[in-house]
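Heavy atoms only: backbone and side chains are in, while hydrogens, waters and symmetry mates are out.
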Amino acid sequence: MALGDLMASRFSQSTVLIVPNHHDDSTATAFSSSASAAALNDESDFTSVPHRRDSEFTAASSSSTSGYANAATTMAYLPQTSFFNELRHDAFELELPSGPSDSGLVSKWRPKDKMKTGCVALVLCLNISVDPPDVIKISPCARMECWIDPLSMAPQKALDLIGKSLTSQYERWQPKARYKCQLDPTLEEVKKLCTTCRRYAKSERVLFHYNGHGVPKPTPNGELWVFNKSYTQYIPLPLNDLDSWLKTPSIYVFDCSGAGKVVNSFIELHEWSASNSNGSPRDCIMLAACEAHETLPQSVEFPADVFTACLTTPIKMALRWFCTRSLLRDSFDYSLIDKIPGRPNDRKTLLGELNWIFTAVTDTIAWNVLPHDLFQRLFRQDLLVASLFRNFLLAERIMRSANCTPVSHPTLPPTHQHHMWDAWDMAAELCLSQLPSLVEDPNAEFQPSTFFTEQLTAFEVWLDHGSEHKKPPEQLPIVLQVLLSQCHRFRALVLLGRFLDMGPWAVDLALSVGIFPYVLKLLQTTTPELRQILVFIWTKILALDKSCQVDLVKDGGHIYFMKFLDSLEAYPEQRAMAAFVLAVIVDGHRRGQEACIEDGLSHVCLKHLESSSPNDSQTEPLFLQWLCLCLGKLWEEFPEGKIIGLQGHATSILAPLLSEPQPEVRASAVFALGTLVDVGFDSCRSVGDEECDDDDKFRSEVSIVRSLLSVASDGSPLVRAEVAVALARFAFGHNKHLKSIAAAYWKPQTNSLINSLPSLANIKDTDGGYPKQSQHVAHGGIVSPQIGPLRVGSDNSKVIRDGRVSSSSPLASSGIMHGSPLSDNSSHHSDSGILNDGFSNGAVNNFGPKPLDNALYSQCVLAMCTLAKDPSPRVGNLGRRVLSIIGIEQVVAKPSKPSSVRTSEAIVSPSLARSSSWFDMNGDTGLADPLLGSGGASGTSDRSFLPQSIIYNWSCGHFSKSLLTAPDDSEEILARREEREKIALEHIVKCQHSAVTRLTNPIAKWDIKGTQTVLLQPFSPIVVAADENERIRIWNHEEATLLNSFDNHDFADKGISKLCLVNELDDSLLLAASSDGNIRVWKDYSLRGKQKLATAFSSIHGHKPGVRSRNAVVDWQQQSGYLYSSGEMSSIMQWDLDKEQLVNTIPSLSECSVSALAASQVHGGQFAAGFMDGSVRLYDTRTPEKLVCGLRPHIQRVEKVMGIGFQPGLDPGKLVSASQAGDIQFLDIRNHSSAYLTIEAHRGSLTALAVHRHAPIIASGSAKQLIKVFSLEGDQLGTIRYYPTLMAQKIGSVSCLNFHPYQLLLAAGAADACVCIYADDNTQAK
């Protein structure tokens, strides 16, 4: 059985569905290039339509009716890839993960305080040969006491022998207790016995056993009888005296007729005491032989002390009783029961196995019948109490057969008819049937019982059909017992692992039954086959309850997991579990950290990280993730651990992991690096030119910070959140320097023309170990002051209007401004007196001699500001907390859109301001005045203010989930996908073979102000629209009902430039791209108020000098999982949304900005871009040069490309491009000279273009209130000028157009507050 995460890879091969294509009249020659993944077709008719789906593809046969001999088969892909299904995409923004706990619900399984019965007082009032006056005995009658016939010898000798025998019977259950016996005692002797026992036991439990077979029944008040010195009178023993002598904790056993009276009186006494005092309730347990009105059985088949016999010699009593009721009763020699071979503690012998089975049966009955807290108290707190209560269950079964009901306090429910007794009877019968031959031949081997094998099979059956909502498996205590046996152990552990995998509830049940000491003990075994399953079981336990870390370290258990982690035989997923266990052991546990450092855990983890090659498909990401987390927890707040980590070159080993494809690995590596940052370390404490005290430490921190900055703009909020936490630690340790740098930026300088902070792109790759691709970081975003007004905590700062960097600031001569994409020529004319500025009490002089240090601090401040305006709310909040550490605080912004922004929220707008300097904010932004008073925040010195990392707690959730079974809904998801693929295929065929249609019939209309983008869902009548305030609305257009409405974010900027559906064949997600390049992906977007942000990131890093806003253009490609984005910049960014990582920055090779982007929905990696100068370029990311070709189709009037798209079908070289001038060009890249078809659609006012994915139809919109529909041959199919109203109102300026992917429906949005859906003339309006 595999013991790891058995979930299949997210990436499966695309299913290829071959469908007929529409006619293509092009006579161009065959085009061949690496950009072409599919054969092109020229004029072909298909004679069959697929209705069947094979495992890989469904082929439709075709026959050529044209003059071409060989017609290529055409294909349409329905992508099988699915994205944003990971744990990190589920409510990352909404809730803080808790991780393993060490308190609350999980701690209830652990007995509150283990107890021990330290002293046992045995009081026997037998008065042998004299029967008490209130009992009339039958003849023959039960006489045996402790299996001794008192009448077979002298009374005194019998009394002594019975006393010794009872003592030895109790010692079998608690050999370490002190035993004191009083035979036929007086009141004083009982008092002395009780006080002595309490004095000796101290706070431990005292057991008081009373046998009253030679005295009258207890009085109605529950008083017991003893003797006077001359044995002429019975003397009552008041219960309150007995209680005062024995005190608490105590356990009483009353073996006499009417014993229930004593229990009842004790309860009344304790209740009365509790009502008259505020003391804690008394810990008093009582076992009584019968009810208050009952007399002990006198049948000769029982001993006289049947209750005591059940409690102290259960196996003998149970077998004798079973014999009298079975077919063996006439033929069996009862004396053989005393000759059962073996020892009670040796499970390989007959007696040992019987005892083992009996313990398992009674434990199981108790666990299934008792409330769990009572089970814990009676069966897990005290060994002797547990044994007595197990045996008490037998006493109830046997004595009820004689019409006698044993009584207990606390009261137990009836158990005498529990079906597990049948299993015991079967085991007893098997034993007795073998007994004569075993006694006769001592060398004969006994046949072991099938009891445990059968019970494990029953448990396995439950595992196949049980669940959290069904009755728990009653065999769980038996599984615990089976762990004691080597022959059953492996199977029991595997089944236990399967059970624990069902969820935290199962782990809690297993812990409550008492599994913990058993699996702790098993860590001392060296059996190799148990290692994997034991690691799995401990993973499940520690995922629930962190408190076990103490026990593991105390017993040296961590060494077991370190050896497993270091073994190369185990699978990486299993070694990841060992790393998780070790991470929990050291999490906030100094003793655990010390023990693991001492045994070389840091070296082991670093060794395996170093040996894993980056981006190696064989390396298990989960293993890398937990190696990093384990190291982070090992070093966290543990200086000795950090030193060992740094000595082991941890920074250079962890840095390459920042380019790993899995966000969890990158985030964990950032966490580990962040823990190495010393919060209390100030890089240069000296003044003037003195060197730092600790150069190595300084260099390591520089290296760490450079690594952190390289992923400050990572595509995953999980990673950016960890960067913010790590930078907060750095800011805390380097507070003074960062505050001085921040103050320098915002110091008023009227003559300075330096524009901005330095570029993060200028980070020097000093160590050579950092990935180049991850260095495309946000280096211009700070120019647009989207963080809101700031308050800088420097001593002399005034209200600043011009936020430009001082020419005499340390930045100017540090070299990093020179050549920055944001710097201008004036930055080269800086003053030389950088260290004589004198601001902030000369704080600049403390930076030390290295100019690079100032550059690094500058880059840190920039990264902090970028994080503070992060599109992810959680990351943005962390970023603002980091800024407050260095003395920059936000002022609450005035709402720019009162209708949708909550003014009470003190959230800084991520994209309110549009000016090019930090504080030029009083234009159209609606911001409050910036307040930078002299009493501004000076940063915090309280370490508790530091934000806490969440990656560890969040990652622990993986192990709480089922690792061995797939989710229950996987079949349902597959069935729905197949159904949707079938529907899509049918509609694609209809689209491709549909008659040319006018598509001008309006079937639905809504009034929305300023619609910017619109989207039709493929498999439900739902339309999604977004307005200029980034309000997203979702309607059902058939029922004309609003399903949901929400803000993309709280402070809108310029609207949404693109809406895309992710996973349209499954439960789709909504990708919303804002005009500033920020991407947000929403789950459950159509459920009212239930929408959740799956991820968010900024897709555009760096833009051209002097640019105020970013008109981002974005498109999404489901086949490849790539998102392409660009704007006013000289490159196109390619994001892999599965990795949530920037994988390529493709030079656009144009001086102009990209104004339109279209990704091929058929060929992964292909996309086309239209530019501001009217040029068009086709790219293929699979080729080394990326650019396939460039065209200039719009040559008559050079205006920007407003829309671009791939023509329907599979030809990768056929495009449609529309320019603002109004012309639409049909392009074939095999013909570089010119477009093969031109449509003059509009005159200088084209605003939107839509190309249907499968039907031969396009639509264009104009600012002059006009929509035109064309065929691919250039024929105009229809014109839309008016709304379907009584007054025939003209449509507004068209802002967006979008076709339904699989139907002939067109959604159009206009600037005059209307969204309309058009169909062909045969479709009825809803």
Item to complete: Could you tell me whether Gln948 atom CD has more than 12 heavy atoms of other residues or ligands within 6.0 Å of it?
Response: no
Heavy-atom side-chain contact between Phe580 and His958 under 4.5 Å:
no
Exercise. Are Thr1145 and Gln1134 linked by a side-chain donor-acceptor pair shorter than 3.5 Å?
Worked result: no
Would you kindly say whether Arg590 and Gln593 are connected by a side-chain donor-acceptor distance under 3.5 Å?
yes
Are Asp545 and Ser547 linked by a side-chain donor-acceptor pair shorter than 3.5 Å? yes
In this structure, CG of Leu629 is separated from CG of Leu582 (nearest 0.5 Å) by 12.5 Å
Under 3.5 Å, side chain of Lys540 to main-chain N/O of Val507, donor-acceptor pair present? no
Sub-4.5 Å side-chain heavy-atom contact between Leu631 and Thr675:
no
Please check if any side-chain donor atom of Thr965 sits under 3.5 Å from a side-chain acceptor atom of Ser962, or the reverse. yes
Main chain of Ser659, side chain of Arg666: is a donor-acceptor contact present, judged purely on distance under 3.5 Å? no
**Report entry** Within 6.0 Å of CD in Glu637, more than 12 heavy atoms from elsewhere
**Finding:** yes
- prompt: Just by distance, do the side chain of Asn735 and the backbone of Ile885 share a donor-acceptor pair under 3.5 Å?
  reply: yes
Could you check whether Trp635 and Phe671 have their ring centres less than 6.0 Å apart? no
To the nearest 0.5 Å, atom OG of Ser668 lies from atom CG of Leu673 at 11.0 Å
Query raised in the report: Going by atom types only, do His558 and Gln549 share a side-chain donor-acceptor pair under 3.5 Å?
Result: no
_Taking the basic N atoms (NZ, or NE/NH1/NH2) and the acidic carboxylate oxygens, is any pair closer than 4.0 Å for Glu636 and Lys642?_
no
ask   = Heavy atoms, side chains only, cut-off 4.5 Å: are Val586 and Phe638 in contact?
value = no
Using the benzene-type ring in the case of Trp, are the ring centres of Trp1135 and His1101 under 6.0 Å apart?
yes
Closest heavy-atom pair, Val553 versus Arg591, reported as atoms and distance to 0.1 Å, is CG1-CG, 3.9 Å
Would you call Val1081 and Phe83 a side-chain contact if the rule is heavy atoms closer than 4.5 Å? no
dist Gln625:CD -> Cys630:SG (nearest 0.5 Å) comes out at 12.5 Å
Within the 6.0 Å centroid threshold, strictly below: Phe516 and Trp538: yes
**Item:** Flag side-chain contact, heavy atom, 4.5 Å: Ile597 against Glu640
**Value:** no
CG of Leu606 to CD of Glu610, rounded to nearest 0.5 Å, is 8.0 Å
| With a cut-off of 6.0 Å (strictly less than), are more than 12 heavy atoms of other residues, nucleotides or ligands near NZ of Lys607? | yes
ask   = Are any non-hydrogen side-chain atoms of Asp1138 and Thr81 less than 4.5 angstrom apart?
value = no
d(Ile533 CD1, Arg498 CZ) to nearest 0.5 Å is 10.5 Å
